[in-house]
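These notes concern the structure reproduced below.
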Amino acid sequence: MKTRLKRLLRRLVHASVLERIAISVASLLAAIVVGGVLVFVSGAYASCQAGLNVAGFTFCYNPMQVFYELFFGAIGHPLEGDWALRNYNLAETLAQTTLLIFTGLSFAVAFRAGLFNIGTQGQLIMGSLATAVTVLYASVIVPSGFIGTVVLIPLGLLAGAVAGGLYGAIPGALKAYADANEVITTIMLNFVAGGVAATLLAWQFQDPESTNQQTESIPAYAEIPNVPFLGFSGRWNFSLLALAFAIVCMIGIAWMLSRTAFGYELRTSGVQPEAAAYSGVDEKRMIVGAMTLSGALGGIGGSLWVLMVQGEWITSVPDLGFDGIAVSILAGNSPLGIGASAFLFGLLDSGSQSISTATDVPPELVGILSGLIILFVAMPEFFRMIGGRYVDFEDVQPVQTDGGEPVEGGEDDA
Amino acid sequence: MRNPFSILKGWYNRRPAAVLAVSALTLVVFLWATPASWQAATLRLAVPIALAALGGIFAEKSGVINIGIEGLLIVSAFSAIVATFWLGGGESTFTISHHWWGLLAGVLVSTLFALLFAIVCIEFKADQIIAGLALWLIALGLAPFVSRLVFESPNTSDVGTFDNVTIPLLSEIPLFGHLLFDTPPQVYIMLGAFVFGWFVLNHTRFGRWVVASGENPKALDTAGVDVQRVRYTAVILSGVFAGLGGAGFALGYLGTFTGTGETVIDGRGFIAIATYLLANYHPVGALGGSLLFAGLDAMQTQLQGAGISVPTNLIQIIPHATVIVVIALVGRTRLPDAAGDHYESGED
């Protein structure tokens, strides 16, 4: 039994893709353990009527209950009675999954080209505003009903992709032609996007009948339709069509990266910029191209947020762009992995609502968890050291965080 | 090299007296012509940026890119406020005012996080950029989480700010006396830290080790110095400096912590990174850059206060937009050769 387990473990860590998955799962578990300890300890400070008494302290929070709410609450408490597959919580989870697939892909595409795009949030803000405004203006001309749906939704998505893509091209061009570090410029552009979008709203697009800072609502026929009979209730702001679209895009990006010339050039410039330049890849255009594509994906995420979830543009855009970083890093920046990873973060997000209704634990816990997950994924060495106690690692190749290709020349090239 | 800082250095090397005279004259005209409230606000707003930049210089010079410095500012600012609140506002313990205990707590927590970051990056060879991002995101979630436990809101109560420390006679000096010698303690801390940082980097053995550890760790190792230990010390120092910056900002300027959105730190750690890149890792240049960005920040508050009808949201992006323009103009600053790389002694 033990040798079989050992053989399994060895197989697990020897295959690079499997190793990535193992590291991701281990990171998730480690983050949950640390998060659980944090919840338990912070329970000593909170005040409550009943709790666990240890050494004169009352620990109010039960980490098991918190994680039960987080994961099972997010799919509608399946272990309790009268559970239906099409429930509100699951719709919420899948809606988040849909959006996070795009923001995750946005980070991943840039990362595979060797670029850190921290600016997905800003690109998403620009894309979502462009979508809302375009659809609102076009809906005046376009007839309502089915034709309106068919025209307005692609138009809205296009507007989001273009605006997000252009906004992503700015740091790309600054990197390519002025050698400006994209980590700094994309972070700054997030702040700029928030300010510019709010200014544009106040200047031209504010809904005169609302006291909130928001545009007018887009017409109902411009929202992404539900699948009849199969789909979730329209009031829950989730459409299976949108999820299907996200999955198609995800497969498309995976195909593009692995099977097309552009994808090959993009990956080579990420792994070996010198070799890519030598083999005729125009490095500058590749940087701008990758950032534009990355921004466009972020922009589409913003479009779907407007067209499926929000129904208008408001200044308090959710932090989907930052969560996308976590989604992509957990997936090892592999497009297909992003589906699973986005679902997990969708669970976390929807589960945080269950936490805040069913327990007294602050829902901000989820923000800490996603940070912890990134932190643990960043240090595969940590798990190798722990794993090394049980498995002989002698002939394991070191693996990069970006998809498991072995690194040339051992641990580092210092 | 298109770096304006090195151009400036070139001028200075050729005509030191002329450059000094022109700078002094500009400074006098500037101090005379601009409103005193703006100058004072600039100095106070420079504290978190400048100290975080100084910390970033130490870490990055030693070869560890600490992009999590924004997270260090958040945790130190927040824990300084909470510690002061727990101890009970304006009173004192062991004859030391609670604001000072809060400052100490902020620095301790920040140093602890920096140590954690150092272990993750040096011991477990994590990708420094990703680990730095993680540090930022954890701080971004942790501060409002704890705040909700203590204050039942992501924002903390107001615990008041440091009183000004006035030095008699010196504060009477016209033009700059009131700025430098009648000011809250965090400004003295900032100025002192820069003298200390500049001295350590340029005139001590440890400073030379830090530079060598970032440029050529193998040579340092051959010379018999433990590279890992130098890097640990440098990253921990970056935690201390960022802690002084965040806690000083919270207790000397804000008096309270806002945990919603990007928190009240609002990207100042990232502006600090831009600042030291602009200054090419030189402490004096970093201080100058911090004053520039803090000046822009203070200006937008002033403009709003003066009732000038420019949209608030647009004014608020001025410092961030300036960073982009500056980074684009400066272009690539030369990173230390081994920055971002792991080093293990005894390999090949």
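In what follows, every chain begins at residue 1, and chains take the letters A, B, ... in the order their sequences are listed. Below, each value reflects all heavy atoms present in this structure, side chains not excepted, and no hydrogens, waters or symmetry copies.
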Against chain A, work out which of I318(B), N216(B), D266(B), I273(B) has the most heavy-atom pairs shorter than 4.5 Å and name it.
->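 Option with the greatest count: D266(B).
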With the side chain counted from C-beta on, respond yes when [X] and [Y] share a heavy-atom pair under 4.5 Å apart, and no when they do not.
X: F191(A); Y: E262(B); answer: yes
X: I327(B); Y: M188(A); answer: no
X: L189(A); Y: I324(B); answer: yes
X: L149(B); Y: Y61(A); answer: yes
X: L38(A); Y: L142(B); answer: yes
X: E364(A); Y: R148(B); answer: yes

Select one option (side chain, backbone, both, neither) describing which atoms of V146(B) are under 4.5 Å from chain A's heavy atoms.
-> neither
Can you say whether V323(B) sits under 4.5 Å from chain A via the side chain, the backbone, both, or neither, judging by heavy atoms?
->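 Side chain only.
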Can you tell which of V192(A), N190(A), L174(A), T185(A) has the highest number of heavy-atom pairs within less than 4.5 Å of chain B?
-> V192(A)
Side chain, backbone, both or neither: which part of [X] has a heavy atom under 4.5 Å from chain B?
X: L369(A); answer: neither
X: V183(A); answer: side chain
X: L372(A); answer: both
X: F116(A); answer: side chain
X: S42(A); answer: both
X: L375(A); answer: both

Where is the tightest heavy-atom contact between [X] and [Y], given as atom of each residue plus distance?
X: G371(A); Y: A134(B); result: O-CB, 3.5 Å
X: A274(B); Y: I184(A); result: CB-CG2, 4.0 Å
X: A131(B); Y: A378(A); result: N-CB, 4.2 Å

Would you give the length of the straight line joining atom [atom1] of [X] to atom [atom2] of [Y], rounded to the nearest 0.5 angstrom?
X: L365(A); Y: F145(B); atom1: CG; atom2: CZ; result: 5.5 Å
X: E381(A); Y: F124(B); atom1: CD; atom2: CZ; result: 9.0 Å
X: I187(A); Y: I67(B); atom1: CD1; atom2: CD1; result: 5.0 Å
X: D319(A); Y: L140(B); atom1: CG; atom2: CG; result: 7.0 Å
X: L133(B); Y: I325(A); atom1: CG; atom2: CD1; result: 5.5 Å
X: L137(B); Y: I374(A); atom1: CG; atom2: CD1; result: 5.0 Å

Assess whether side chain to side chain contact (heavy atoms under 4.5 Å, CB included) is satisfied between F111(A) and I130(B), documenting all intermediate values.
-> CA-CA 11 Å; F111(A) 191 95; I130(B) 295 179; 4.3 Å; yes
Parallel, tilted or perpendicular for W136(B) and F322(A), by the 30°/60° rule?
->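 The rings of W136(B) and F322(A) stand perpendicular, inter-plane angle above 60°.
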Listed by residue number, which members of residues 194-204 of chain A have a heavy atom under 4.5 Å from any heavy atom of chain B?
->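 Hits under 4.5 Å: G195(A), V196(A), A198(A), T199(A).
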Q213(A) CD: over 12 foreign heavy atoms closer than 6.0 Å =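 Open.
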